[in-house]
Colleague: 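One structure, as structure tokens, below. Some questions next.
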Amino acid sequence: MDYLVDIFLIAVGAALINNFVLYYFVGICPFIGVSRRVDMALGMGGAVTFVISIASFLSWTLTTLVLMPGAPVTRWVAGFFMPADIAAAVDLTILTYIVYIFVIASSVQFVEMYVRKFYPLLYKSFGVFLPLITTNCAILFACLIIMSHVVGVDNPAEAWGLGKSLVLGFFGGVGFTIAIVIMAGIREDLDLCDIPEAFKGAAITLIIGGILAMAFMGFTGVDSGLRAALGGAP
Amino acid sequence: MTGVTIGLSAGILLSMAVVLTYVLGWANKKFHVDVDPRVVSVMNALPGANCGGCGYVGCGEYAEAVVLEHETVTKCVVGGQSCSMAVALIMGVEVGETLPYRPIVHCGAHYDDRMGRHEYRGEKRCGAANLVTGVQACTYGCLGFGDCERACQFDAIHVIDGLATVDYQSCVGCGACAEVCPRNIITITPFKSDQVLAVACSNKDKGKDVMAVCKVGCIGCGACARISDVFKIEDNLSTINYDAYTQECTLDVMKACEKCPRKRLVFVGIPSREDQEKARDLEAPDIVEPDFKTTVDDTEWRG
């Protein structure tokens with residue numbers, strides 16, 4: 001029961017309360033760049049959700065198996081060179097950034113080739129977005145959140161498992177989609193408006209993004225209320 | 001300890017590089033998609049304006065359609081005849097006769113000719129103004145807020161005295177203006193010569209109603225249709241059958257032009273040499289050169 005409540009809160013938190021775009025301000029470049037039309041925004045949102053889910057799976061796996069102190073693969077390899085108790089303390093967390101970027105870029109490349117071969121229609125609809133988001137900061141950010149919940153957690157029982165990581169990744173992508181689609185809807189109507197010359201283009205979009213972020217501030221604190229209502233441990 | 005950490009880091013990154021390179025290289029071969037080399041050469045033969053005049057999203061889509069779906073090679077309006085020839089050469093097909101397609105604005109009323117025009121304080125866009133009533137009495141005619149002017153990438157259509165006017169010398173016929181016009185009064189028409197005849201009105205109301213809203217609109221009297229078969233009255237509006245319209249019927253057509261009580265049959269297109277000669281002596285505003293002494297702020301910036 002507690003686990004389900006946790007999952008639910010992580011999902012709501014990633015999608016609405018701590019929305020990647022409107023709370024943490026990551027992934028702004030596609031948010032400004034591809035929010036001109038609602039259908040394009042949906043395509044971009046779908047692609048980001050897809051990639052972010054894959055990336056969270058890979059980052060959780062690599063962190064637990066290789067990078068964190070006492071990870072099984074590292075301990076096994078280091079065991080050949082030093083006594084077992086020192087080998088268990090080898091810490092490779094400094095490698096997280098470079099490994100994540102490396103893995104995300106390669107997996108997106110792989111997925112792109114796969115989709116191009118077997119799903120030409122899907123490739124046509126979001127193939128152009130895939131290379132754009134290989135190094136999108138929202139994706140790296142999701143990996144880093146997952147890392148912070150796996151490495152250096154005081155109580156080992158609180159460390160995130162694969163399920164929670166995937167939920168965070170997927171619903172982070174959903175939150176991104178929500179934000180970019182709202183933005184695209186507003187920008188479509190903006191075409192009918194007479195915007196002062198100085199505000200045209202990216203400027204007015206950033207201002208709207210700011211106002212949207214203020215609106216999303218209304219969700220702050222909803223998570224603790226939800227937790228109390230669902231009867232989970234505080 | 002430190003040495004081992006460094007060694008392990010290097011080892012892990014190196015092994016990841018080896019594994020991922022192998023996987024990607026394998027996938028590249030396994031999932032290889034053959035691209036027809038003709039698509040690339042057709043793509044290079046196209047002008048690359050990505051204007052959408054052919055009906056496809058961009059030049060790339062059109063190139064694909066030409067090669068894979070045997071789309072006709074004459075659809076590119078920007079490249080014109082030479083481009084069609086180049087594409088036809090690549091595809092090994094013959095080019096039929098191609099006509100340049102150009103927009104015609106089916107409205108001829110300037111501000112003075114429009115009745116019931118009221119001050120409009122909303123967004124100065126045709127799309128927005130078309131949503132409300134009372135901007136002007138004629139619900140068919142040009143609104144004059146210049147959505148077409150903004151849509152044009154070639155600076156070839158301008159609102160002059162409240163009426164969208166095409167500059168046929170810069171126009172390439174991409175059709176962006178026709179698409180954006182909320183009242184659909186711009187049509188893309190084949191030009192069999194430099195100048196073609198056009199009906200400069202879109203009002204489908206009965207003659208009396210037209211008279212009440214416009215000083216120049218077509219009243220659907222049918223005088224033109226009685227003189228030449230080229231004209232037909234549809235929904236109280238004279239229309240021209242461009243398939244039947246040729247240079248030969250000019251005589252009849254000229255007679256119809258004279259007979260038209262509202263003078264709504266006009267020739268549009270690139271001005272002929274005589275017209276240009278005639279217009280040369282007329283007063284026209286000089287093109288103003290920007291004066292850099294006054295427009296450039298050369299005060300030093302101290303940030």
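Lettering follows sequence order; numbering is per chain, from 1. Everything numeric in this text was worked out from a predicted model, so none of it was measured.
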Colleague: Below 4.5 Å, heavy-atom pairs only: which of B/Arg125, B/His32, B/Lys124 has the largest tally toward chain A?
Modeller: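 When all of B/Arg125, B/His32, B/Lys124 are compared, B/Arg125 has the most.
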
Colleague: Can B/Arg117 be said to sit on top of B/Phe145's aromatic six-ring, NZ or CZ under 6.0 Å from centre and within 45° of the ring axis?
Modeller: yes

Colleague: Mind ranking A/Gln109, A/Arg116, A/Met113 by heavy-atom pairs under 4.5 Å with chain B and telling me who comes out on top?
Modeller: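 Highest number of pairs under 4.5 Å: A/Met113.
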
Colleague: So B/Cys148 and B/Ile157, do their side chains get closer than 4.5 Å, heavy atoms only?
Modeller: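 Yes, at least one pair of side-chain atoms sits under 4.5 Å.
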
Colleague: Check each atom of B/Asp147 against the heavy atoms of chain A and say whether the ones under 4.5 Å are side chain, backbone, both or neither.
Modeller: neither

Colleague: Any idea which heavy atoms bring B/Ile160 and B/His110 closest together, and the distance?
Modeller: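 Taking every non-hydrogen atom into account, O-ND1, 3.4 Å.
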
Colleague: Against chain A, label B/Ile12 side chain, backbone, both or neither, depending on which of its atoms sit under 4.5 Å from a heavy atom there.
Modeller: side chain

Colleague: Hey, does A/Met183 have a side-chain heavy atom less than 4.5 Å from the side chain of A/Phe31?
Modeller: yes

Colleague: Which bit of B/Leu13 is near chain A, if near means a heavy-atom gap under 4.5 Å: side chain, backbone, both or neither?
Modeller: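 Contact with chain A involves both backbone and side-chain atoms of B/Leu13.
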
Colleague: Chain B heavy atoms under 4.5 Å from A/Leu67: which part of the residue, side chain, backbone, both or neither?
Modeller: neither

Colleague: Taking the six-membered ring where the residue is Trp, are the ring centres of B/Phe31 and A/Phe118 under 6.0 Å apart?
Modeller: yes

